[in-house]
Participant: 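Quick one: this structure, given as structure tokens, is what I'll be asking you about.
Both backbone and side-chain heavy atoms feed into the values below; hydrogens, waters and symmetry mates do not.
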Amino acid sequence: MTEPVLALMGPTASGKSALAEQLAIAFEGELISVDSALVYRGLSIGAAKPDYPHHLVHIRDPAQVYTAADFAREAKDCIDDIRARGRRPILVGGSMLYFRALIQGLDDIPDIDPAIRASIEAQARVQGWPALHQQLAEVDPAAAAQLHPNHSQRICRALEVFRGTGKPLSEWQQNAEPRSAEPDPDYECIALCPEQRATLHARIERRLEGMFDAGLIDEVTALYQRGDLHTDLPAVRAVGYRQVWSFLQGEFSLPECRERVLIATRQLAKRQMTWLRSWPSLGWVLTDAQGRILPSEKTAESGGETGTATDASSAEKLWKSRIMQLMRNF
RNA sequence: GGCUCGGUGGCAGAGUGGUAAUGCAGCGGAUUGCAAAUCCGUCAACGCCGGUUCGAUUCCGACCCGAGCCU
């Protein structure tokens, strides 16, 4: 069997990129970015674009919409391609739905005509989402039962799948084999994160200052002046870009803008932590206030309640131990 | 020094003689094609001391603090 793909996860500003670069060099690997903002050209400073080369960075125009499904497909191709060249693919990033789409897979639902979504959103503007939730309940009660009446995006998705395919979303999802919580042997998932929340917040704050100093405002201004971009696009909704965009429109002062970016970034980190806490079989790599990896047993592979490693191949064990060893020296 | 207005949760800000909206932040959660998105849940307050009252955050008085005006 092929060795697993290393997947390095973690909240924003946790230091993933620096570690990833070291891993890439140490393992003759190639990095694949798992980042929903970095896919867009023009998002560099505010998206913390790393200097070291990554795949799947700057591959779309900000006017386009990139999706988790696009990512899963392209990342898979990328992994195959890298392996075909005899190198090791390493995934790095914090877009957890992208990781999930790649590792756990998405159901094979056909593309939906964007016009359908547009009409649903138009309908929602006049009727409100709870009304659409009700309509969903008539055609797809299973999906509706799992969604709050205000959950705009997911109600929209369920509705557009039904209208576009004539088949309820919940049925599409039943076709696939049930998702297991078992660790996927094809991926070795590691999370890098400061042990203390306060440390992460301090890192976020420091990095944000650097972004503003490096010209974040100018970067967003360039996007703003294109004239064809708007706040409904994912690229413009990204943390930092959205707030600076509003600042450019005169909605608030620069100090308030900076404060809002800071808050939004912390909130992003929190949501990422929520994903990570329930991620199956995740190896936690905790760091101290100086960014050094803590040597305690907490850094060892977790989730091994039973002897899951007993039947692991020696190649796999070697792979793991090399990662762990490298990380101790980080 | 005098007068006026004001002091409600971390912040902003309603309100009532029977212990108090809401927004933001914080914290927790969800997450199958926009996910750095979207949504849900939740903690937490009436400056201080007396008085009136069955009962005061709400009424009265003193005091403290803040803003403004006056001398």
Participant: For RNA chain B, which residues in residues 205-219 of chain A have a heavy atom at a distance below 4.0 Å?
Facilitator: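 Output list: empty, so none.
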Participant: Using a strict threshold of under 4.0 Å (side-chain N to carboxylate O), is an ion pair present between A:Glu121 and A:Arg117?
Facilitator: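 Here A:Arg117 does not pair with A:Glu121 in a salt bridge, since their nearest N and O are not under 4.0 Å apart.
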Participant: Answer yes or no: is there an ion pair linking A:Asp77 with A:Arg73, defined by an N-O contact shorter than 4.0 Å?
Facilitator: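 Answer for the salt bridge query: no.
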Participant: Please check if any side-chain donor atom of A:Gln123 sits under 3.5 Å from a side-chain acceptor atom of A:Gln135, or the reverse.
Facilitator: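 Yes.
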Participant: Taking salt bridge (Lys or Arg N to Asp or Glu O under 4.0 Å) as the definition, give me every residue that meets it alongside A:Arg157, ordered by chain and number, with sequence neighbours left out.
Facilitator: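 Testing A:Arg157 for salt bridge (Lys or Arg N to Asp or Glu O under 4.0 Å), a comparison that skips the adjacent residues, returns A:Glu160.
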Participant: For residues 43-60 of chain A, which residue pairs qualify under side chain to side chain donor-acceptor pair (under 3.5 Å), counting only residues two or more places apart or in two chains?
Facilitator: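 Applying side chain to side chain donor-acceptor pair (under 3.5 Å) to every pair that reaches into residues 43-60 of chain A, excluding sequence neighbours, yields A:Glu30-A:His55, A:Ser44-A:His58, A:Arg60-A:Glu74.
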Participant: Could you walk me through whether A:Leu282 and A:Ile190 pass the side-chain contact (heavy atoms from CB on, under 4.5 Å) test, one step at a time?
Facilitator: CA-CA 6 Å; A:Leu282 184 66; A:Ile190 304 280; 5.7 Å; no
Participant: Write down the distance separating the P atoms in B:A56 and B:C49, rounded off to the nearest Å.
Facilitator: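 Each nucleotide's P atom is 14 Å from the other's.
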Participant: N/O contacts under 3.5 Å, protein versus nucleotides 22-26 of chain B?
Facilitator:
from	atom 1	to	atom 2	distance (Å)
B:A25	OP1	A:Gln267	NE2	3.1
B:G26	OP2	A:Gln267	NE2	2.8

Participant: Under a plain distance cut-off of 3.5 Å, with no hydrogens placed, do A:Thr67 and A:Asp70 share a side-chain donor-acceptor pair?
Facilitator: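 There is such a pair (donor and acceptor under 3.5 Å, judged by atom type) between the side chains of A:Asp70 and A:Thr67.
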Participant: Suppose you measure atom P in B:A14 against the same atom in B:U8; what distance do you get, rounded to whole Å?
Facilitator: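 Pairwise P distance, B:A14 against B:U8, rounds to 11 Å.
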Participant: Show me the protein contacts with nucleotides 33-35 of chain B, counting only N or O atoms at under 3.5 Å.
Facilitator:
from	atom 1	to	atom 2	distance (Å)
B:G33	OP2	A:Arg157	NE	3.0
B:G33	O6	A:Asp107	O	2.2
B:G33	O6	A:Ile109	N	2.8
B:G33	O6	A:Ile109	O	3.2
B:G33	N1	A:Ile109	O	3.1
B:G33	N2	A:Asp111	OD1	2.9
B:C34	OP1	A:Arg117	NH2	3.1
B:C34	OP2	A:Arg117	NH1	3.1
B:C34	OP2	A:Arg117	NH2	2.6
B:C34	N4	A:Glu121	OE2	3.2
B:A35	OP1	A:Tyr98	OH	3.3
B:A35	OP2	A:Tyr66	O	3.4
B:A35	OP2	A:Tyr98	OH	3.3

Participant: Taking atom types as modelled and ignoring hydrogens, do the side chains of A:Gln64 and A:Tyr40 form a donor-acceptor contact shorter than 3.5 angstrom?
Facilitator: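 There is no such pair between these side chains.
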Participant: Can a side-chain donor-acceptor contact be found between A:Arg207 and A:Thr12 if the only test is distance below 3.5 angstrom?
Facilitator: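 Present: a donor and an acceptor within the cut-off.
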Participant: Map every base of RNA chain B to its dot-bracket character, where paired means a Watson-Crick or G-U wobble contact with both distances under 3.5 Å and | marks a partner outside the strand.
Facilitator: (((((((..(((.....[...))).(((((.......)))))....(.(((..]....))).)))))))).
Participant: Is A:Arg163 paired with A:Asp113 through a side-chain N to carboxylate O contact shorter than 4.0 Å?
Facilitator: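 Result for this pair is no, no salt bridge flagged.
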